There are 2 protein chains.
Amino acid sequence: MVQYRETRLDASFAALSDATRRGVLEQLGRAEASISQLAGKFHMTLTGMKKHIGVLERAALVTTEKAGRVRTCRLGVRALEAEATWIEGHRELWSARFDALDKIVEHLKSKERADARRKNR
Amino acid sequence: MVQYRETRLDASFAALSDATRRGVLEQLGRAEASISQLAGKFHMTLTGMKKHIGVLERAALVTTEKAGRVRTCRLGVRALEAEATWIEGHRELWSARFDALDKIVEHLKSKERADARRKNR
DNA sequence: TCTATACTGAACCATCCGGTTCAGTATAGC
DNA sequence: GCTATACTGAACCGGATGGTTCAGTATAGA
């Protein structure tokens, strides 16, 4: 039996799974932008881009603010923090296993070398 | 104009966007397991779990090997490496911005304090 | 006031997703 | 050889996704 309900992570990883949205994040990392600017840059209709922004906003990766006609998009504060934490937590698991594997391989190699020396004597 | 085609990342983030699959990764971090064992643990049909494993395998997060009737699943070597790299690369961007923000806030605060002192004089 | 711009929302479409059932194949063990 | 187990594959289902068009509202600026 396993606990598996972390909807915030669901939303963010889903948001990150689209190359256009990762591109938007990259873009917003350089400078804030309006929806129509982003739509232009990614060759997409305004409506299409607005949907992407909606996804990023729901995942709290982006925040937006409307002034007059223009909605300006910015990177969300604390964005990617939870995701990085999750991944790093699990990388530790992996790393431990790799280290163990490395040691075994190293051990085998040194044994091999010893055997070779013995043979050449 | 922006480059946005990195299908490997697409696949992994999509794989990670499902809580069941994240659970499976966690589980496989503790011990390797057969598909039916995983299916049992996550209250799902064999077929359903097999699909999840397929997704994880295509994202190279998991590898499997069939011996006799049983297909054993293990964490993939180098799993999560690319994903962590991407996220960390972008967190740097964020961090830089946060640091800048922190400085501004700090500046405003100290100014506020100075104003308060001046007023109280 | 008129017009161009910027967004918003509804509706539609094809495709994918998470899950199922059901029918099949292959192997372990008596 | 028989049977239970473990997987595989096809087909189906409802709902989400990524995109569009079209029609609307609101605001900036001449």
Side-chain angles (χ1 to χ4, degrees), chain A residues 1-25 27-28 31-59 61-74, chain B residues 2-28 31-59 61-74:
Chain A
M1 197 109 42
V2 172
Q3 201 69 9
Y4 59 98
R5 204 158 304 280
E6 295 171 68
T7 52
R8 165 68 211 286
L9 276 182
D10 276 35
S12 346
F13 281 131
L16 291 173
S17 76
D18 183 274
T20 301
R21 282 192 295 261
R22 286 198 304 277
V24 167
L25 288 180
Q27 196 60 33
L28 294 182
E32 60 182 37
S34 72
I35 295 186
S36 46
Q37 283 171 340
L38 292 170
K41 223 165 272 223
F42 289 87
H43 309 108
M44 195 174 294
T45 58
L46 199 52
T47 315
M49 181 50 74
K50 212 212 146 202
K51 277 195 182 182
H52 280 305
I53 295 297
V55 172
L56 289 167
E57 224 178 338
R58 251 167 280 130
L61 295 172
V62 157
T63 61
T64 73
E65 193 185 358
K66 191 159 185 179
R69 287 183 295 184
V70 180
R71 179 172 294 279
T72 302
C73 309
R74 294 186 197 80
Chain B
V2 173
Q3 202 70 9
Y4 60 98
R5 204 158 303 279
E6 294 172 68
T7 52
R8 167 67 212 288
L9 276 181
D10 277 35
S12 341
F13 281 130
L16 290 174
S17 76
D18 183 273
T20 300
R21 283 192 295 262
R22 288 198 304 277
V24 168
L25 288 180
E26 221 149 292
Q27 197 59 32
L28 293 182
E32 60 182 38
S34 72
I35 296 186
S36 46
Q37 283 172 340
L38 292 170
K41 225 166 271 224
F42 289 87
H43 309 105
M44 195 174 292
T45 58
L46 199 53
T47 315
M49 182 50 74
K50 213 212 145 203
K51 277 196 184 180
H52 280 306
I53 295 296
V55 172
L56 289 168
E57 223 178 339
R58 251 167 280 129
L61 295 172
V62 157
T63 61
T64 72
E65 194 186 356
K66 192 161 186 178
R69 287 182 296 185
V70 180
R71 180 173 293 280
T72 303
C73 310
R74 293 185 198 80

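Each chain gets a letter, A, B and so on, in the order the sequences are listed, and its residues count up from 1. Bear in mind the structure is a predicted one, so any value in this text is a computation, not a measurement.
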note = Taken in chain and number order and not counting sequence neighbours, the residues that satisfy side-chain contact (heavy atoms from CB on, under 4.5 Å) with A:A14 are B:S17
request  = Kindly say if A:H52 contacts the phosphate of D:dG19, meaning a side-chain N or O under 4.0 Å from OP1 or OP2.
outcome  = yes
remark   = One would report the end-axis bend of the helix from C:dT1-D:dA30 to C:dC30-D:dG1, five pairs per end and rounded to 10 degrees, as 20°
request  = Classify the nucleic acid contact of B:G68 as base, sugar-phosphate or nothing, counting any heavy atom under 4.0 Å across all strands shown.
outcome  = sugar-phosphate
task = Quickly work out the B:F42 CZ to C:dG19 C1' distance and round it to whole Å.
result = 16 Å
ask   = Rounding to a whole Å, what distance do you find between A:H43:NE2 and D:dT20:C1'?
value = 17 Å
query = Can you name the nearest heavy-atom pair linking A:M49 to A:M44, along with the distance?
reply = N-SD, 3.8 Å
request  = Give the C-alpha distance, both sets of side-chain angles, the deciding distance and a yes or no for side chain to side chain contact (heavy atoms under 4.5 Å, CB included) between B:D10 and A:R22.
outcome  = CA-CA 9 Å; B:D10 277 35; A:R22 286 198 304 277; 2.8 Å; yes
key: side-chain hydrogen bond (donor to acceptor under 3.5 Å, both in side chains) partners of B:T64, counting only residues at least two apart   = B:E57, B:R71
remark   = For A:S12 and A:A59 the tightest heavy-atom approach is CA-CB, 3.8 Å
request  = May I ask you to evaluate whether B:T45 reaches the phosphate of C:dG19, defined as a side-chain N or O under 4.0 Å from OP1 or OP2?
outcome  = no
inquiry  = Tell me the interatomic distance from A:R22, atom CZ, to D:dG18, atom C1', rounded to whole angstroms.
reply    = 15 Å
key: Partner residues of A:T72 under the side-chain contact (heavy atoms from CB on, under 4.5 Å) criterion, sequence neighbours left out   = A:E32, A:V70, A:R74
ask   = Which whole-number value in Å describes the distance from B:D10 CG to D:dT17 C1'?
value = 13 Å
request  = Mind jotting down which residue pairs meet the side chain to side chain donor-acceptor pair (under 3.5 Å) criterion with at least one end in residues 47-56 of chain B? Sequence neighbours excluded, please.
outcome  = B:R21-B:H52
inquiry  = On a heavy-atom basis, which atom in B:L38 and which in B:C73 lie closest, and how many Å separate them?
reply    = CD1-SG, 4.3 Å
note = Going 5' to 3' through nucleotides 3-10 of chain C and flagging B where a protein heavy-atom sits under 4.0 Å of the base, S where only the sugar-phosphate is that close, and - otherwise, we get -BBSBBBB
remark   = B:F13 atom CZ is separated from D:dT17 atom P, nearest whole Å, by 17 Å
ask   = With A:L61, which of A:L28, A:V24, A:L25 fulfils side-chain contact (heavy atoms from CB on, under 4.5 Å)?
value = A:L25
note = Looking only at D:dG18, C:dG19, C:dT20, the nucleotide nearest the A:R21 side chain is D:dG18
